[in-house]
Amino acid sequence: MPELPEVETIVRALRDGGRGGDSILGKKIVNAKVFWNKTIEETGPRIFTKKIVGQKIKNISRRGKYIHIHLDNDHLFFHLRMSGDIVIEDEEIPVHKHVRINLSLDDKRKISFYNPRKFGRVWLVDDPDRVVGKLGIELFDKSLDKKLLHQMLNTRKRQLKPLLMDQTFISGLGNIYTDEALHMSKLHPLSISDQINMKESSVLLNSIRSVLETGIKTNGASFDWMYKGGEFQNQFRVFQRKGEECPVCGTEIRKMVVGQRGTHICPNCQQLQEL
DNA sequence: AGGGAAACCCGAACGC
DNA sequence: TGCGTTCGGGTTTCCC
């Protein structure tokens with residue numbers, strides 16, 4: 001399930017070359033094939049194809065969990081949602097049944113958008129804000145410090161975990177990394193945001209960044225069977241470890257539901273403060 | 001305003 | 001073994 005580290009890994013592979021490939025910067029898109037129409041937002045497949053063919057890839061970056069491909073005239077965004085990968089392949093590789101879009105390049109290669117569960121989406125827009133305009137501050141934005149986070153938390157009154165996962169609040173945190181960061185911070189996912197003090201905000205911010213940095217270093221978590229990149233899943237502290245021992249105190253890890261999401265906590269380390 | 005539910009999907013895991 | 005059922009994960013949309 002591609003979260004920020006997985007997306008970051010894909011972006012680096014496309015932009016800088018990686019996983020054995022060469023960068024696609026500067027290549028021209030010479031053909032586009034759409035195998036699942038609903039993958040495309042904003043425009044239908046015909047307009048999408050017509051507009052994108054002929055444009056060159058100027059830059060590739062990331063905003064939240066979106067992959068942002070800057071073209072000559074337009075902006076191409078990918079979001080993988082629940083599953084999948086974006087890979088560069090030789091043109092003659094047969095189209096796998098999970099490939100939703102192929103973009104052929106002018107060097108006999110193609111960009112293949114793998115998305116088994118059909119949740120992933122693609123946008124081709126002239127104004128990037130149409131796609132990423134509402135996103136909150138980037139996790140690694142330098143202006144995001146403990147003071148700002150503390151203030152952001154305290155001006156809302158929401159359950160901590162759903163707030164952290166709200167992409168308009170901070171962009172980039174998903175279910176796995178939020179559970180991991182909350183455990184590292186010793187904060188309960190149901191804590192109310194305006195009860196978090198400065199010290200806790202500081203620890204939380206450091207934990208979030210630490211967990212994400214580790215994820216990026218290990219190329220993300222790859223227990224999504226389509227995404228083969230990473231090793232982060234071997235370091236989970238609590239995620240998907242229900243019934244096992246907390247790595248800090250040995251207490252049995254519990255699973256609960258918070259904001260409709262599977263949530264893993266150590267009931268000893270992460271106690272809900274009574275008001 | 002915040003929270004819960006449903007919808008979108010389908011391979012894997014589980015239950016019988 | 002083989003069948004049917006449930007689950008999960010990110011986001012949006014709708015409802016209370």
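Values in this document were obtained by computation on a predicted structure and should not be read as measured data.
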inquiry  = As an exercise, state the distance from CG of A:Asn197 to OG of A:Ser202, rounded to the nearest 0.5 Å.
reply    =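 Between atom CG of A:Asn197 and atom OG of A:Ser202 there are 10.0 Å.
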task = Measure the NZ-CG distance between A:Lys157 and A:Asp194 for me, rounded to the nearest 0.5 Å.
result =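 The distance works out to 4.0 Å.
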ask   = Below 4.0 angstrom from OP1 or OP2 of B:dC10, is there any side-chain N or O of A:His98?
value =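 Answer no for this pair, as no side-chain N or O of A:His98 is under 4.0 Å from OP1 or OP2.
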Side-chain N or O of A:Lys255 closer than 4.0 Å to phosphate OP1/OP2 of C:dG8 =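 Indeed, a polar side-chain atom of A:Lys255 lies that close.
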key: Candidate nucleotides B:dC10, B:dC8, C:dT11, ranked by approach to the side chain of A:Phe119 - the nearest   =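 It is B:dC8.
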Taking atom types as modelled, is there a side-chain donor on [X] or [Y] under 3.5 Å from an acceptor on the other?
{"X": "A:Glu200", "Y": "A:Ser185", "result": "no"}
{"X": "A:His70", "Y": "A:Ser61", "result": "yes"}
{"X": "A:Arg63", "Y": "A:Ser171", "result": "yes"}

Taking atom [atom2] of [N] as reference, at what distance in whole Å does atom [atom1] of [X] sit?
{"X": "A:Lys38", "N": "B:dC8", "atom1": "NZ", "atom2": "C1'", "value": "7 Å"}
{"X": "A:Met165", "N": "C:dT11", "atom1": "CE", "atom2": "P", "value": "8 Å"}
{"X": "A:Lys118", "N": "C:dG8", "atom1": "NZ", "atom2": "C1'", "value": "18 Å"}
{"X": "A:His79", "N": "B:dC9", "atom1": "NE2", "atom2": "C1'", "value": "15 Å"}
{"X": "A:Phe169", "N": "C:dT11", "atom1": "CZ", "atom2": "P", "value": "16 Å"}
{"X": "A:Lys65", "N": "C:dT11", "atom1": "NZ", "atom2": "C1'", "value": "9 Å"}
{"X": "A:His96", "N": "B:dG11", "atom1": "NE2", "atom2": "P", "value": "10 Å"}
{"X": "A:Leu153", "N": "B:dA1", "atom1": "CG", "atom2": "P", "value": "18 Å"}

task = Would you indicate whether A:Glu245, at its atom CD, is surrounded by more than 12 heavy atoms from other residues, nucleotides or ligands within a distance under 6.0 Å?
result =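 Check fails, neighbour count at 12 or below.
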key: Flag if over 12 foreign heavy atoms under 6.0 Å of CZ, A:Arg209   =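 Result for CZ/A:Arg209: enclosed.
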ask   = How is A:Lys134 classified with respect to the nucleic acid when contacts are heavy atoms under 4.0 Å: base, sugar-phosphate, or nothing?
value =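 A:Lys134: no heavy atom of the nucleic acid under 4.0 Å.
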inquiry  = Test of understanding: clusters of I, L, V, M, F, W, Y form through side-chain heavy atoms closer than 4.5 Å, transitively. Do A:Val53 and A:Ile57 belong to the same one?
reply    =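 Cluster IDs for A:Val53 and A:Ile57 match.
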query = Between A:His264 and A:Tyr66, which has a closest nucleotide on DNA chain C that is more 5'?
reply =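 The 5'-side residue here is A:His264.
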message = Quick check on the helix from B:dG2-C:dC16 to B:dC16-C:dG2: what's the angle between its two end axes, five base pairs per end, to the nearest 10°?
response =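 Inter-axis angle at the ends, rounded: 60°.
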request  = Look at the side chain of A:Arg117 against the base of B:dC9 and say whether a donor-acceptor pair falls under 3.5 Å; ignore hydrogens and angles.
outcome  =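 Looking at the base of B:dC9, it does not pair with any donor or acceptor on the side chain of A:Arg117 (distance under 3.5 Å).
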task = Go along nucleotides 2-7 of chain B 5' to 3' and tag each nucleotide: B for a protein heavy atom under 4.0 Å from its base, S when only backbone or sugar atoms are that close, - otherwise.
result = SS-BB-
task = Among A:Leu71, A:Thr49, A:Ile47, find the residue that satisfies the side chain to side chain contact (heavy atoms under 4.5 Å, CB included) test when tested with A:Leu124.
result =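 For A:Leu124, the side chain to side chain contact (heavy atoms under 4.5 Å, CB included) check succeeds only for A:Leu71.
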